[in-house]
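The chains referred to below are lettered A, B, ... by the order of the sequence lines, with proteins before strands, and numbering in each begins at 1. Keep in mind it's a predicted model, so treat the numbers as computed, not measured.
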Protein chains: 2
Amino acid sequence: MKKNPAITAQTRQNLIDAFWELYCTKRIEKITIKEITTRAGYNRSTFYEYFTDVYDVVEQLENNLISKLQEMPMQQLSSSGDPFQLDALVRMYSDHSGYLAVLLGDHGDPAFQRRIKASMKPMMKEALIAQGAKDGYELDYTLEYALSAMIGVLSYWFNQENPPSLEELTAILGELSSSGVMGKLMGLRD
Amino acid sequence: MKKNPAITAQTRQNLIDAFWELYCTKRIEKITIKEITTRAGYNRSTFYEYFTDVYDVVEQLENNLISKLQEMPMQQLSSSGDPFQLDALVRMYSDHSGYLAVLLGDHGDPAFQRRIKASMKPMMKEALIAQGAKDGYELDYTLEYALSAMIGVLSYWFNQENPPSLEELTAILGELSSSGVMGKLMGLRD
DNA sequence: TTGAATCATACGACATGTTGTCGGATAAAT
DNA sequence: ATTTATCCGACAACATGTCGTATGATTCAA
């Protein structure tokens, strides 16, 4: 009886869900393990069977999320003509906006944004170099520039009162990136 | 004998300094008040004469920093031809890089980046509208785009192993912004 | 100038709540 | 019936926030 995946997975998910409800309302350091387990209907000790501490829960959550994020754009990478995958990025963000808006928000995890960028850069870089972009620090900084801008705008958009439509948003992002970032990148060809 | 500014300011600063040394090495939730006061050479209770809790320290620190950041670019706003104050931004960041790199870093405060943007947007917006940019949501999103990109790149730059020189950095930022963001903004004139 | 009153500053101690780690109870599988 | 995964109760150690109190500097009257 090594582990019963059905039961443990359920318990783990119950704990994660309870944590997430709390995390949406307050910063992580104000969340106690007792709160999580009470809400999920377990003894406090049970928490330690699944996580080392409260930060371990966020980390596992982020890992799941990043795995999912990495799958999606890969499929379209070859077919699309846009190396920045603007559509894919925006759709991806919308699909997981519930988690992303909080993790990238005011009491989210500051390391998460860097993790997202780090997970997307390699495949973007690869695609761009395949399209003729020149490798070097300029490419790195241009990618950092573009990803920071995209993520920043998407977060801003999601927390707006009366946000513009997704089409309007995509239009603005497209204009800004194609004239600025993309122009620069196409000038970085060999 | 309301308050003795000389003494209290010194004690407050000692506590802030002690906190900062700890904050540079580990995330805030692992910092105890006892650690701070012991390091600063005070009783633990003394901490509560100056701050309500550990987060209050960061908040006061951020307030000081934002005040300073808001002063600088104002002076040059009229003379410079660049409405984004690229030079001023980069210089400003370098001047306070010690604090900014940590606050914007992996175990920093996720709300701080939004606070910085919020504090800079009004004056940038004002300057841009004075230069003929058209007010509207497109301007807001373009500003968000540009500021996110700048702050992202500057943070990235500061945490690099072998970073390019400040001149090279400014050159890249200038190219990306002038063709993309600035181009867009000049197209938003009335 | 001096001495006493006053008050800001810093401290010690207490009650409460959180943490992480035991060993043990329960229930299901073999 | 035995074994073992899963969950629970209890314990010691530590952090928190709030008291009341000691100290020592400033003020002002004699």
For [X], which residues count as a side-chain hydrogen bond (donor to acceptor under 3.5 Å, both in side chains) partner, sequence neighbours excluded?
| X | result |
| --- | --- |
| B/S119 | none |
| B/D140 | B/K125 |
| B/K26 | B/E35 |
| A/R115 | A/E62, A/N63 |

Interatomic distance, [X] [atom1] vs [N] [atom2] [rounded to whole Å]:
| X | N | atom1 | atom2 | answer |
| --- | --- | --- | --- | --- |
| A/I36 | C/dT18 | CD1 | P | 12 Å |
| B/R12 | C/dA10 | CZ | C1' | 15 Å |
| B/K34 | D/dA15 | NZ | P | 6 Å |
| A/E49 | C/dG24 | CD | C1' | 13 Å |
| B/K30 | D/dC14 | NZ | P | 15 Å |
| A/N14 | D/dC7 | CG | P | 9 Å |
| B/F51 | D/dG17 | CZ | C1' | 16 Å |
| B/E35 | D/dC14 | CD | P | 13 Å |

Test: ring pair (Phe, Tyr, Trp, His ring centres under 6.0 Å). Region: residues 12-32 of chain B. Which pairs qualify, not counting sequence neighbours?
B/F19-B/Y23, B/W20-B/Y23, B/W20-B/Y99

Where at least one partner belongs to residues 113-141 of chain A, residue pairs that pass ring pair (Phe, Tyr, Trp, His ring centres under 6.0 Å), sequence neighbours excluded
A/Y141-B/Y156

I want to verify a distance call: between C/dT19, D/dG17, D/dA15, whose nearest atom is closest to the A/I33 side chain?
C/dT19

Output the residues of residues 37-46 of chain B in contact with DNA chain C, where contact means a heavy atom of the residue under 4.0 Å from an atom of the strand; sort by number or write none.
B/Y42, B/N43, B/R44, B/S45, B/T46

Quick one: CD1 on A/I151 to CG on A/L100, what's the gap to the nearest 0.5 Å?
9.0 Å

Does B/Y50 have a side-chain nitrogen or oxygen under 4.0 Å from the phosphate oxygens OP1 or OP2 of C/dA10?
yes

Please find the pair of heavy atoms, one from A/A18 and one from A/I36, that lie closest to each other, and give the distance.
CB-O, 3.6 Å

Under-3.5 Å N/O pairs linking protein and nucleotides 21-23 of chain D:
none

With sequence neighbours left out, which residue pairs that include part of residues 150-168 of chain A fulfil the salt bridge (Lys or Arg N to Asp or Glu O under 4.0 Å) condition?
none

